[in-house]
Every structure is written in C-alpha cells, then in structure tokens.
Novice: 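Please find one structure pasted underneath; my questions will follow.
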Protein chains: 2
Amino acid sequence: MPRRSSTSPVSSRDAILTVAVELFAERGYHATSMREVAQRVGVVPAALYNHFDGKDAIFVELGTRYFDAMYPALEAARHAEGDAADRLAAMVAASVNTAAGLRAEHMMLTDEWRTIRRSEALSVLAARRRACIDLWHEVLAEGAVDGSLRTDVDDSSIIWLLFAAITSLVDSGYWSDIAVKPSPPLDDVCSVILDGVRRS
Amino acid sequence: MPRRSSTSPVSSRDAILTVAVELFAERGYHATSMREVAQRVGVVPAALYNHFDGKDAIFVELGTRYFDAMYPALEAARHAEGDAADRLAAMVAASVNTAAGLRAEHMMLTDEWRTIRRSEALSVLAARRRACIDLWHEVLAEGAVDGSLRTDVDDSSIIWLLFAAITSLVDSGYWSDIAVKPSPPLDDVCSVILDGVRRS
DNA sequence: GTCTATAGGTAGATAGAC
DNA sequence: GTCTATCTACCTATAGAC
C-alpha cells in the first residue's frame, strides 16, 4: 500500500481549511479569530502558522479553491447548445451545482465581498471574480444579438439578480427566517429570472 | 429667532450617527472601531459614551431609524390600487424610495445581517425586519388568490430576489466592478422581476 | 459634555524548546 | 510540526478632573 502523506490520514492543513471556511461563512472574516480556528482544529494558535502565513492566506486559499472550480464550469456552460437564453440557463445551473459543492466558500465570498475589496492581501480574489462576471456579460450580449433576451434592462442588474438567485439556492437555510420551505427547485428560481413572477 | 437646542447647530449625537452609519455600511460592524468614529467626529472615544451606551446601541438606533421609515411605507403601498401584481410593484417602488433616502442604513443592515442575528444586543432589529417581510408575504398570497402572480414558485425565493433588486437599485455604485451604467431605472429592474429577462 | 488616563480584554503573529 | 510563552497592537469601555 502506498504511504499516506506524513502523519495523519487527513492533514492538519486540510483540517484548518475545513474549520476556517465554516467560521468565515458563519461569522464573517473579522469575527473569526485564529484562536477559535485553532481550538476547533484541536491545536494551539501558533500551529496554524506552520501551514499558512496568516489569516489572509487561509482566506485566499479558500477563495482560490472556489474560483478554480467555478470558472471552468461557467466556461463550459457558456458553450452549451441552444440560443443565448438556453446558455444563460445552463450557466445558472452550472453555478448552482458548483457553488452547492462549495457552499461555505460561496457564502464566505458573497458575504465578505466588501472585506475582499478593501484588503490588499485579498485582492487577488477580486480578479478571479471579475473573470467570472465577464462570462455572464458575454452570454447576455449574445442574447441581445440573437434576440432571445431582453435588451431594455441593464446587464449589470440582471447579473446581480442572477447572483442573488444562485445564492438563495445554495444557502436557502441561511435565510430560514424568510423561508418556509427548504431549498426550492433550481428550475423554479431560474424561471423567475427568465419569465418573471407575473402570470402570463 | 428660536433658540437652537443647546450648544451646536448640529448636535454631537447626530454627528456620531452620521459618521457611524457610513463606516458600518462601508466596512461592516466588526471592522468599524469606536476610535475611528470618534476621530471622524472630532472627539475622543470616551465622548461617544455620553450619548450612547456603546457600539451596539449606535447600531440599533440606526437600524431602528430605518425600519421606522420602511414599515409605514410598505404598509401604505400594500393597500395601493389595482391587483396584487400592481401592489407588489408599488411596494418595490416604496422600498426603493425609502431605502434610497437611508442608503447607508440599508447597506449596513443588508451586509451585516449575520452579525445582527448572532448578537443578543442587536436582535431587536430582527423583529422589525420580520414585520416587513410579513407584508411581502401577504401581497404574494393575495396574488395567488386573484391570479395576478405565479403560484409555482416559492414566496421566499421571490422575496429574496426582490430584496436583491432593491439593494441593487439603492446602491448601484457599490458594485461598480459589475456596473457599466449608473443606477438603472426602477421600472426596468421591477419589470425583470415581474416579466423576466426572456423576450416574449 | 468633553477631556486625560487607563483598565481589562482580545487580536494576529513570533521565538525558541522539544 | 506542535508545543509553551510572549510580544505588540488594538479593542470597548470606565473613572474622574474640569
């Protein structure tokens, strides 16, 4: 049998990332302390610095993991079959599937976006996000050309609403004070964006 | 001429609130320090405690100010003329108008919602928000009865999207990395929710 | 009501033994 | 790679003079 990495079946490094992403998503960046991360991992705070340069580095690694999965998924969906409206729907589905597998990373990035933009150390994540946003803009522009999407509404407004829809699907439990049912089906929310709430 | 309150044309108390709400909205609750608030007001940190019991109390007062304006505006729009779809549109318009006049308070409450829910001291604001959400649920239920709104999508998902739309209109500049145009018209975003993005 | 001074706590991060 | 011990900095909040 091949030997495991060094000491433990799951490395301390992975344990730190697992604990940290949950705390970042639940409490936010500033309200999460290295002390608490260490405590939940079961080590002393100083031990964290054997694996990461600091709190910033942990956050950046988690965010990088997210975009490393999200960008290729969006890129693939962007070339799906059908008109631009179909490809838009495929991108929403791809986003939800990818983000659902990285739920805590998604919530962390969504809720701490101001922190990312204000921090020099975290700004690398802003560029990764920008690349994803550009893919959404592209498909919306194609929808204006092939006539499958409305042209009278600003692309940015539509993208904002799409992000909100994706987040609501990824973490429906988070807003449990609004929600009465768990996790509405993807197609329902997607159809709201495509067709609206007014009965036609 | 009638005399002003006591010493200054604008009270220190008001100055504290004005400075604090901008910092809370821009940086978040935990990243905003009493020291920085005091510095921008032009007093020493200790002086803040002559007007407020603490950081929590400042935040609660700002949130209370917001809901004191928002709830009556929603309640009035909820009884507008027309069918439920019309009243829903009136509520969106009322929300945007009210929140636009309290932009920083709106962003503060939106972005720091996790903090509010986790804090005992801030939980009074959760109840105020709950009351507003109930008004949205009511009009959506009416739309199911009078047939003016879709019934195949969960109310909570629609409310989430409405909140996202309102926030995007209130603070379009915040997401300037997405936005290419400033502040899209209210009717455009409202029509996306009502009629979707697919060309019919 | 604002000031000076400071208490009391916690944050991120480091040094060096093992 | 983890530990003990600690540094430096910053936080909210208070005490008491003016």
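Every chain is numbered from 1 and lettered A, B, ... according to where its sequence line falls, protein lines coming before strand lines.
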Novice: Can you name the residues that form a side chain to side chain donor-acceptor pair (under 3.5 Å) with Glu105(A), not counting sequence neighbours?
Specialist: Arg65(A)

Novice: State whether Trp113(A) and Arg129(A) meet the cation-pi test: NZ (Lys) or CZ (Arg) under 6.0 Å from the six-membered ring centroid, and within 45° of the perpendicular axis.
Specialist: yes

Novice: I need the CG-C1' distance between Leu48(A) and dT14(C), as an integer number of Å.
Specialist: 13 Å

Novice: Testing Tyr29(A), Tyr66(A), Phe52(A) one by one against Phe59(A) for a ring pair (Phe, Tyr, Trp, His ring centres under 6.0 Å), which residue passes?
Specialist: Tyr29(A)

Novice: Hey, could you give me each pair passing salt bridge (charged side-chain N to carboxylate O under 4.0 Å, His left out) that has a residue in residues 45-58 of chain B? Not counting sequence neighbours.
Specialist: none

Novice: Are there over 12 heavy-atom neighbours, none belonging to Gln39(A), within less than 6.0 Å of that residue's CD?
Specialist: no

Novice: Using a 4.0 Å heavy-atom cut-off, write out nucleotides 3-18 of chain D from 5' to 3' as B (base contacted by protein), S (sugar-phosphate only) or - (no contact).
Specialist: BB------BBBBB---

